[in-house]
Amino acid sequence: MSTTAVLPSPASSRHTSGGSVQHGALTADRAAALLTGCASARRASELHAAAVRAGVDQDKAVDFRLQRAYAASGRLDLAVALLRRTADPTAVFYTSAIHAHSSRGLHQAALALLSEMLLSHGLLPTAHTLSASLPACGGLAVGRALHGYAVKLALSGEPYVATALLGMYARSGEAAAARALFDGMRPDPHVVSVTAMLTCYAKMGLLDDARSLFDGLPSKDLICWNAMMDGYTQHGRPSEALRLFRRMLRSGVEPDEVSVVLALSAVAQQGMAESGRWLHSFVSSSSRRIRLNARVGTALIDMYYKCGSLEDAVAVFRDLSGDVRDIVAWNAMINGYALHGHSREALAAFGQLRAQGLWPTNITFIGVLNACSHSGLVDEGRELLASMEEEYGIQPKVEHYGCMVDLLGRAGRVEEAFDLVQSMKTTTTAKPDAAMWASLLAACRLHKNMALGERIADHLVANGLANSGTYVLLSNIYAAAGKWREVGRVRSMMRASGIQKEPGCSAVEVGRRVVEFVAGDRSHPRAAEIYAKLEEVKGMARARGHVPRTELVLHDLDDDDAAKEQALAVHSEKLALAFGLISTPPGTAIKIVKNLRACADCHAVLKLVSEVTGRKIVFRDRSRFHHFVDGSCTCGDYW
DNA sequence: GTAGGGTTAG
């Protein structure tokens with residue numbers, strides 16, 4: 001047996017008292033000191049071997065630090081093995097092991113260690129134990145049990161414990177319980193506790209409550225800035241997220257990878273490449289702090305393709321080193337290809353990732369199924385859906401059936417799509433969702449299958465499943481067939497249901513700035529010029545034979561055609577277009593992003609404007625890109 | 001000696 005390989009290295013023995021490598025020279029104190037802060041598994045096992053030879057490995061401090069060194073270097077198995085071999089492990093020893101697992105997301109293992117500590121060893125949890133364990137408890141049941149423990153041991157008022165409890169309730173959506181704990185922390189809650197409460201509000205969409213906690217913080221650290229930004233990005237308020245990012249930079253807090261990922265996600269939502277390119281150079285230039293890891297790389301890919309530049313997304317993907325190019329990065333790339341209609345590339349990427357030994361996830365299948373949908377690849381789609389379960393052991397979810405329904409529906413097989421939805425109820429555990437019904441209705445509209453559209457709509461209304469999107473689609477189906485009385489009926493059903501149409505919002509990129517408009521918006525300082533331009537566009541469109549599609553107007557304007565025409569004329573995308581026309585040099589491309597599907601009237605006007613002005617217009621709506629050039633659109637009027 | 005808050009793909 002050779003032991004030379006695990007002896008302490010010369011570098012470490014240099015500091016030992018004798019200067020030469022003497023087994024007996026390693027004291028327990030020395031070994032403990034050498035192990036402190038050690039995060040290399042190799043070094044830990046070298047020191048471990050040396051400690052064994054010196055007979056000091058059973059020393060409490062050495063044993064504990066060895067365990068920490070193994071945990072820090074990712075060898076949790078060795079850390080646990082050591083814990084198991086320790087004759088009388090202390091609560092501190094267990095707490096350290098629990099933390100090692102819970103902080104890496106190994107929640108089950110963390111809880112198993114906790115119960116072993118309590119039940120097999122009869123040890124009492126300390127405040128440290130509870131705050132290390134609480135992040136690992138999955139549901140409310142375990143969380144409440146730990147809360148009870150904390151109360152019984154008079155530890156629930158300890159700041160770390162109270163904050164961990166707050167976080168536990170916050171993750172379970174129990175805002176009131178979280179708030180009660182937070183109120184107990186007055187008058188001076190720690191920034192960590194405030195951030196936990198803020199995150200709870202932010203996740204629930206109570207952004208104003210989150211913001212007032214944030215604004216009240218006397219000194220803001222990196223994490224609370226990130227938490228607040230995340231609140232905005234997760235709830236569709238990318239402009240506020242980016243404003244916050246810029247303020248963060250000015251305040252002197254150095255952003256980290258998380259901040260950058262959040263900012264990139266905000267830019268992706270806005271769809272404006274200029275601030276994205278700026279962020280990209282920011283990431284590259286401040287390489288001291290920000291590494292191009294898997295998350296940052298994926299966020300960059302996601303940002304570029306959502307901003308309309310598939311080329312830049314591919315470039316970032318190609319530059320990612322192999323170990324960073326994980327399945328998440330591949331998924332982003334596949335989604336990018338799908339959104340831009342490059343179906344063959346998406347399917348080819350699927351083959352490549354498999355060839356590299358990566359295992360697809362359910363998200364991968366959403367990407368490739370979307371790609372099939374875009375190009376009418378019905379057979380490929382069917383095969384992929386079947387392979388999910390058969391080859392990859394992934395249970396298709398409602399989203400996957402939704403892609404399949406969309407694929408069949410777009411391809412004109414509306415009845416088949418409907419049958420699939422019907423059969424889902426009996427053959428799968430997935431339940432049809434609003435998006436699935438909406439794509440089915442969209443297919444009915446596209447292929448003018450009014451009878452089926454009506455049947456579906458009746459079903460949705462009768463079962464309380466109709467949302468603003470399905471009402472809008474149904475109204476459009478009737479309008480396309482000239483059934484005005486039915487359009488009116490849908491309108492009153494919608495009114496009776498109390499459902500409001502989600503407000504449309506369009507943004508236009510002007511240089512490095514992004515300007516947003518809602519319908520009828522007059523808040524911009526140049527509103528007068530914008531509306532003058534709008535009149536000009538309207539006149540031009542009329543001169544070219546465009547008839548305003550007043551049948552699309554859902555507002556309760558009854559038969560007032562002039563009012564309907566006016567409602568159409570001030571749609572958010574037209575305002576964004578008008579502002580783009582007056583504020584960017586002639587000949588440059590205009591980039592517009594809308595939060596909903598493109599309105600058919602606006603789509604027609606954008607085509608005409610691209611022809612008359614010779615400008616390229618890049619328009620991203622909720623589901624795809626439209627590139628308007630010389631009077632036609634890359635979507636082929638098919639969306 | 002040990003502990004609490006923020007992140008990716010539709």
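As the structure is a computational prediction, the values presented were derived from the model and not from experiment.
Between the side chain of A:N226 and the base of B:dG5 there is no donor-acceptor pair of N/O atoms closer than 3.5 Å. Residue A:T163 places a side-chain atom within donor-acceptor reach of the base of B:dG4, judged by atom type and a 3.5 Å distance cut-off alone.
Across all strands, A:K203 comes closer than 4.0 Å only to sugar-phosphate atoms, never to a base (heavy-atom distances). As judged by a 4.0 angstrom heavy-atom cut-off over every strand, A:D326 is placed among residues making no nucleic acid contact. A:V161 comes within contact range of no nucleotide atom at all, as no heavy-atom separation falls under 4.0 Å. Contacts of A:S193 with the nucleic acid, taken as non-hydrogen atoms under 4.0 Å apart, include base atoms. Using a 4.0 Å heavy-atom distance criterion, A:K220 is classed as making no nucleic acid contact. Residue contacts shown for A:Q234 are limited to sugar-phosphate atoms, with no base heavy atom under 4.0 Å away. Using a 4.0 Å heavy-atom criterion, one finds that A:D221 contacts the bases of the nucleic acid, with or without backbone contacts as well.
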| request: Take A:W330 and A:F350 through the test ring-ring contact (aromatic ring centres under 6.0 Å, His included) and record every step on the way to the result. | output: CA-CA 8 Å; A:W330 279 96; A:F350 182 77; 9.9 Å; no
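Of the possible donor and acceptor atoms, none in the side chain of A:R43 sits under 3.5 Å from a partner among the backbone N and O of A:C38.
A close approach under 4.0 Å does not occur between any side-chain nitrogen or oxygen of A:R65 and OP1 or OP2 of B:dG1. Side-chain nitrogen and oxygen atoms of A:K397 include none within less than 4.0 Å of the OP1 or OP2 phosphate oxygen of B:dG10. In this model, the phosphate group of B:dG4 is not approached by any side-chain N or O of A:H128 to a distance below 4.0 Å at OP1 or OP2.
Between A:Y305 and A:Y337, the ring center distance fails the sub-6.0 Å criterion.
How far OG of A:S133 is from CG of A:L111: 7.0 Å, rounded to the nearest 0.5 Å.
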